[in-house]
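The structure under discussion appears below in the form of structure tokens.
Chain letters run A, B, ... following the sequence lines, proteins first, then strands; residues in each count from 1. Heavy-atom basis, side chains included; hydrogens, waters and symmetry copies ignored.
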4 protein chains.
Amino acid sequence: MMKVMFLRKSKTNLIFQAAIDVFSEKGFDKATMDDIAARANVAKGTIYYHFKSKEELFLFLVEEGVEMLREGVESKLTEDLTPREKIELILREQISFFGQYRDFCVILLRESWGAEDRQLEFRKMIRSYMALIEKVVQEGKDAGVFHDVSAENAGSALFGMAAIAALHILLGKGDYDEDKLFSDLKQIALSGLLK
Amino acid sequence: MMKVMFLRKSKTNLIFQAAIDVFSEKGFDKATMDDIAARANVAKGTIYYHFKSKEELFLFLVEEGVEMLREGVESKLTEDLTPREKIELILREQISFFGQYRDFCVILLRESWGAEDRQLEFRKMIRSYMALIEKVVQEGKDAGVFHDVSAENAGSALFGMAAIAALHILLGKGDYDEDKLFSDLKQIALSGLLK
Amino acid sequence: MMKVMFLRKSKTNLIFQAAIDVFSEKGFDKATMDDIAARANVAKGTIYYHFKSKEELFLFLVEEGVEMLREGVESKLTEDLTPREKIELILREQISFFGQYRDFCVILLRESWGAEDRQLEFRKMIRSYMALIEKVVQEGKDAGVFHDVSAENAGSALFGMAAIAALHILLGKGDYDEDKLFSDLKQIALSGLLK
Amino acid sequence: MMKVMFLRKSKTNLIFQAAIDVFSEKGFDKATMDDIAARANVAKGTIYYHFKSKEELFLFLVEEGVEMLREGVESKLTEDLTPREKIELILREQISFFGQYRDFCVILLRESWGAEDRQLEFRKMIRSYMALIEKVVQEGKDAGVFHDVSAENAGSALFGMAAIAALHILLGKGDYDEDKLFSDLKQIALSGLLK
DNA sequence: TATGAATGAGCATTCATTCAT
DNA sequence: GATGAATGAATGCTCATTCAT
């Protein structure tokens, strides 16, 4: 998402960047097209020349964001890794992504729960990411190295654990110590709290 | 909150119930006072007779909800339980609460991320619940039965794991199998994925 | 008005007093029945038990106020006074009244200009006061001691001169020096600016 | 204000004109933005595109009106006139202005008395006009041709005399005979009622 | 007499969207 | 491609008035 964007300097891109800023600062409803236009140094009509509606602009944005997270993780899940290593990689990548794109992640967590079409769409995207985790869990189970838990439950649990823990720190006051968070989550996810 | 509410049939309560419905369906911004009034079969002015503003109505609602979750859990965390049993209890209670008050939980997950005062307030409430978990984790560490992970990280991780996994099922199509979810999360949280 | 009021301690009177305070502070439109009820330490319904409407309450209030000014002046305009002395008396009385009932006078000046029934009513009241002045001017003209100016013009001019000059001081920062104001207005009204 | 306004036919101007009409008819509080929009044949949103708020629109309006009166008078107060001629000129101009802009003058007299910021602002504007009169009175005193009255008292008295007398006629039923009113006020202001 | 909960019409303001240039 | 003036439906909130007790 953001990477691609930095290459071109088209109006479309200016708008896109501005939209990320504004949506993450204010949320979908509170953000106005005027805000975005001002941030992009573009006339309001110009946004409508490039995007059909506020909704569509937002959808594009979230789509690219989730895709980026998913692809980033997927591309690193090479065949030579063990299930355990894959889980570690997923946790590390997700923690890193949340640190790098905090604002986008706030959007995601804010706007994915509800019954509007947009929100259903977002949950579908998130599920496509969770599916990656589920696949790894299944592999582990098939290989006999993981306990017999529902892959779906494990997928959402691991995503949720990392997401909420990351945002909890990022939206609090302290520093975001990615290494400590990773080490703690890895401990819990793989070996549990109990000694 | 909801329990007490069901007993009385005051206007205040009608409004409260309607507000839960509407806010969870549409979120804070999209929900209108007209919606809530219509759902409660009350004139719009009546809402303002009982609550100072939309914001205040919402705040009350979330306050009572989180308090109910927190107190429900806290009251059951008796001294005779081991840390392991306490973690199990917390997971079971939270899973049950999410099943019972799905709409409220959607509200909580939707509206807690952002920089508005209201949102800061919500996160503070959630933190007061997480603190319960942190305390138990600390106990376990002190007793030498839990691994040495940051209690804060563990607290947000366990809350997030259960919250997201629960909502993932509740907002999907399938049934909400509390027992299976509990058993899976207990497994991961206490002993991890690895055999 | 105010004098009579202080004698009784009925609810009606409590409301009346509160209404004067609130109306003069906020004006007719901005003043609310809640304000008045709170100031009178009375339930809102009680006001409606004693007065038919906000409008009526206001009307009563202004009626009594103007009547008090008019009667106060009229009762002192004894037959033994010369027209010149009468003009002096009118000026002195009006200046004194404005000083004593500043808030009420603000109401009067605020709410008398417009086309609503209430406002027409107020102007009629004011005209009944101006009529006193006109009569004196006519007397002076008939007696050959006043110049030949339209009595009506003179009446409104003298009322306006004293009213605006008084409020100009009363709403400004300085002290309200009634004697100096009287002496200046007397000078202008009777002998003019020119030496 | 009005003069310039009549030249252009911009939306801004349409709104401005409509606002004068509506505010003078109903007063600030009772006038609604819907009224103004309807009168201007403009969508309500259009008003907000050109003016930040009802308050701001109103303020602009009064500002320009008073400024027009002040400048109109000031520009004619040339050095070659005697104090007496200047007072005459001021009276004539003010009487003419009130006749020409009756509605605006109603607004001014209605909305200048109270403690709201807006009203303080208006009184400040009026004082800037009164200052013109005070200066002339001072000149007359310095030149030894006027009696020794407080310039401030004389300023507010002359303004008030002309304002109230003018509106008294304009809001009554009869014709507005500017010449007679001028001749009467000149008589009183310069030479007084007494022969 | 007195109360205060309930009402609903009314209002200022916002903002996504359109469209003539 | 780009603009920004214009739109009008939508919304949170107010407040005079009513009425059951």
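- Around the NZ atom of C:Lys30, the shell of radius 6.0 Å holds more than 12 heavy atoms that belong to other residues, nucleotides or ligands.
- Between the CH2 atom of C:Trp113 and the CG atom of D:Asp103 there is a distance of 14.0 Å, given to the nearest 0.5 Å.
- F:dG12 atom C1' lies 14 Å from atom CZ of B:Arg118, rounded to whole Å.
- Rounded to an integer number of Å, the gap from B:Phe58 CZ to F:dG12 P is 13 Å.
- Of the candidates F:dT3, E:dT3, F:dT7, the closest approach to any side-chain atom of A:Thr46 belongs to F:dT3.
- One interatomic measurement links the two molecules: CD1 of C:Ile47 to P of E:dT1, which rounds to 17 Å at whole-angstrom precision.
- Nucleotide F:dT18 forms a pair with E:dA5, judged by Watson-Crick or G-U wobble geometry with both contacts under 3.5 Å.
- The pairing partner recorded for E:dC11 is F:dG12, the criterion being a Watson-Crick or G-U wobble arrangement whose two distances lie under 3.5 angstrom.
- When distances are taken from the side chain of B:Lys11 to each of E:dT3, E:dT7, F:dG8, the shortest belongs to E:dT7.
- Rounded to a whole Å, the NZ atom of B:Lys26 is 11 Å from the P atom of F:dG12.
- One atom, CZ of D:Phe23, and another, C1' of E:dC11, lie 13 Å apart when rounded to the nearest Å.
- Taking atom CZ of residue A:Phe51 and atom P of nucleotide F:dG1, one finds them 13 Å apart after rounding to whole Å.
- Looking at residues two or more places apart in sequence or on another chain, you find a salt bridge (Lys or Arg N to Asp or Glu O under 4.0 Å) between D:Arg39 and D:Asp21, D:Glu25.
- For E:dA6, the OP1/OP2 oxygens have a side-chain nitrogen or oxygen of B:His50 closer than 4.0 Å.
- Whole-Å rounding puts the C:Tyr49 OH to E:dT3 P distance at 12 Å.
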May I have the step-by-step check of side-chain hydrogen bond (donor to acceptor under 3.5 Å, both in side chains) for B:Asn13 and B:Ser10, ending in yes or no?
-> CA-CA 5 Å; B:Asn13 189 29; B:Ser10 64; 5.3 Å; no
Heavy-atom contacts, protein to nucleotides 14-21 of chain E, under 4.0 Å, summarised as B (base), S (sugar-phosphate only) or - (none) per nt, yield BSBBB---
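- Rounded to whole Å, the distance from CG on C:Leu57 to C1' on F:dC15 is 15 Å.
- Under the 6.0 Å cut-off for aromatic ring centres, A:Phe23 and A:Phe58 qualify, their centroids lying closer than that.
- We find the OG1-CD1 distance between B:Thr46 and B:Ile15 to be 6.0 Å, quoted to the nearest 0.5 Å.
- A distance of 11.0 Å separates OG of C:Ser24 from CD of C:Glu111, quoted to the nearest 0.5 Å.
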